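Small disclaimer: the values here were computed from a predicted structure and weren't measured.
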Amino acid sequence: MTTTNTNVTGTARLNFAKAAPKVFRALIGFDAAAREGLDPALVELIQIRASHLNHCAYCLHMHTNDARKAGETEDRLHMVPVWREARHFFTEKEQAALALTEAVTLVADGGVPDTVYAEAAGRFDEQELAHVLSLILTINTWNRVALSTAKVAGTDERG
């Protein structure tokens with residue numbers, strides 16, 4: 001069983017799923033649990049925004065395609081990176097989730113501001129908020145797996 005992938009530059013990188021199958025399955029389980037009870041459109045918006053911030057082309061490609069399949073509009077997909085200037089494309093709940101996604105993803109830049117957290121807590125009940133936070137944590141983990149193992153955008157390996 002091979003445990004390497006070859007990236008776009010021809011460099012061999014670890015195939016994380018094959019090299020650490022228990023860890024990979026645990027991450028899939030965490031991701032599935034995080035999504036429970038959340039609107040599928042919101043799930044994709046969160047994953048798209050974190051993937052933009054983390055410069056993860058592999059996940060961005062995957063989640064924009066998933067969003068389209070779920071009925072998301074091209075207009076909204078194009079506005080995700082500039083959602084603050086295009087708020088009318090997003091509900092207040094989605095805006096709160098996008099702000100929280102940015103704060104958690106960029107946590108090293110100053111933590112999660114109380115105002116951002118309070119806005120999200122005001123838009124989601126406690127269980128939903130826990131799931132939104134969990135989803136933000138999982139997409140950030142997936143972004144780091146994809147980036148560190150040099151996953152190639154357009155090669156969705158979910159089967």
Side-chain angles (χ1 to χ4, degrees), residues 16-17 20 22-149 151-159:
F16 186 78
K22 279 180 75 173
V23 175
F24 190 76
R25 284 191 305 275
L27 187 51
I28 289 171
F30 181 31
D31 185 273
R35 295 166 182 258
E36 284 182 17
L38 295 178
D39 174 10
L42 181 66
V43 167
E44 296 306 330
L45 291 175
I46 289 168
Q47 294 180 123
I48 289 165
R49 187 62 187 129
S51 297
H52 280 136
L53 294 169
N54 288 320
H55 304 276
C56 184
Y58 179 82
C59 292
L60 184 58
H61 183 268
M62 178 187 303
H63 293 296
T64 53
N65 282 338
D66 288 350
R68 285 183 191 96
K69 289 174 191 169
E72 191 57 78
T73 67
E74 289 298 317
D75 279 346
R76 281 173 38 103
L77 290 176
H78 292 299
M79 294 298 113
V80 172
V82 292
W83 69 270
R84 290 179 197 284
E85 290 78 32
R87 290 178 186 269
H88 61 286
F89 282 92
F90 305 98
T91 67
E92 290 180 351
K93 198 170 192 176
E94 290 168 338
Q95 291 175 45
L98 290 168
L100 187 62
T101 300
E102 290 175 355
V104 173
T105 300
L106 303 172
V107 71
D109 293 346
V112 177
D114 289 340
T115 55
V116 170
Y117 185 88
E119 181 66 24
R123 301 284 174 200
F124 296 95
D125 67 33
E126 199 170 82
Q127 183 178 11
E128 287 175 317
L129 183 57
H131 281 259
V132 167
L133 282 169
S134 297
L135 183 67
I136 296 166
L137 299 175
T138 61
I139 188 56
N140 273 279
T141 302
W142 284 124
N143 289 164
R144 282 151 177 76
V145 168
L147 289 164
S148 61
T149 62
K151 292 288 198 185
V152 177
T155 61
D156 187 344
E157 298 173 358
R158 292 178 295 180

Spacing of [X] atom [atom1] and [Y] atom [atom2] [to the nearest 0.5 Å]:
{"X": "Thr149", "Y": "Tyr58", "atom1": "OG1", "atom2": "OH", "result": "8.5 Å"}
{"X": "Leu133", "Y": "Thr138", "atom1": "CG", "atom2": "OG1", "result": "11.0 Å"}
{"X": "Ile48", "Y": "Cys59", "atom1": "CD1", "atom2": "SG", "result": "11.0 Å"}
{"X": "Leu42", "Y": "Glu72", "atom1": "CG", "atom2": "CD", "result": "10.0 Å"}
{"X": "Leu60", "Y": "His55", "atom1": "CG", "atom2": "NE2", "result": "11.0 Å"}
{"X": "Asn54", "Y": "Trp142", "atom1": "CG", "atom2": "CH2", "result": "14.5 Å"}

Is there a side-chain contact between [X] and [Y], using heavy atoms and a 4.5 Å cut-off?
{"X": "Leu135", "Y": "His131", "result": "no"}
{"X": "Arg49", "Y": "Leu45", "result": "no"}
{"X": "His88", "Y": "Met79", "result": "no"}

For [X], does the [atom1] atom have more than 12 heavy-atom neighbours from other residues, nucleotides or ligands under 6.0 Å away?
{"X": "Asp114", "atom1": "CG", "answer": "no"}
{"X": "Phe30", "atom1": "CZ", "answer": "yes"}
{"X": "Glu74", "atom1": "CD", "answer": "yes"}

Exercise. Among Asn143, Val145, Ile139, whose side chain to side chain contact (heavy atoms under 4.5 Å, CB included) with Cys56 holds?
Worked result: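 Output: one option passes, namely Asn143.
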Exercise. Do Leu98 and Ile46 pass the side-chain contact (heavy atoms from CB on, under 4.5 Å) test, and can you show the C-alpha distance, the side-chain angles, and the key distance before you say yes or no?
Worked result: CA-CA 6 Å; Leu98 290 168; Ile46 289 168; 5.5 Å; no
For this session: Could you give me the CA-CA distance, side-chain angles and deciding distance for Lys93 and Glu128, then say whether side-chain contact (heavy atoms from CB on, under 4.5 Å) is met?
Result: CA-CA 11 Å; Lys93 198 170 192 176; Glu128 287 175 317; 3.3 Å; yes
Problem set entry | Partners meeting salt bridge (charged side-chain N to carboxylate O under 4.0 Å, His left out) with Glu119 (sequence neighbours left out) | Arg123
Would you confirm whether [X], through its side chain, and [Y], through its main-chain N or O, come within 3.5 Å as a donor-acceptor pair?
{"X": "Asn140", "Y": "Ile136", "result": "yes"}
{"X": "Thr105", "Y": "Glu102", "result": "no"}
{"X": "Arg76", "Y": "Phe89", "result": "yes"}

For this session: Taking all heavy atoms of Gln127 and all of Asp125, pick out the closest pair and write down the distance.
Result: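 Nearest heavy atoms, Gln127 then Asp125: N-OD1, 3.1 Å.
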Problem set entry | Charged N-O contact under 4.0 Å between Glu92 and Arg87 | no
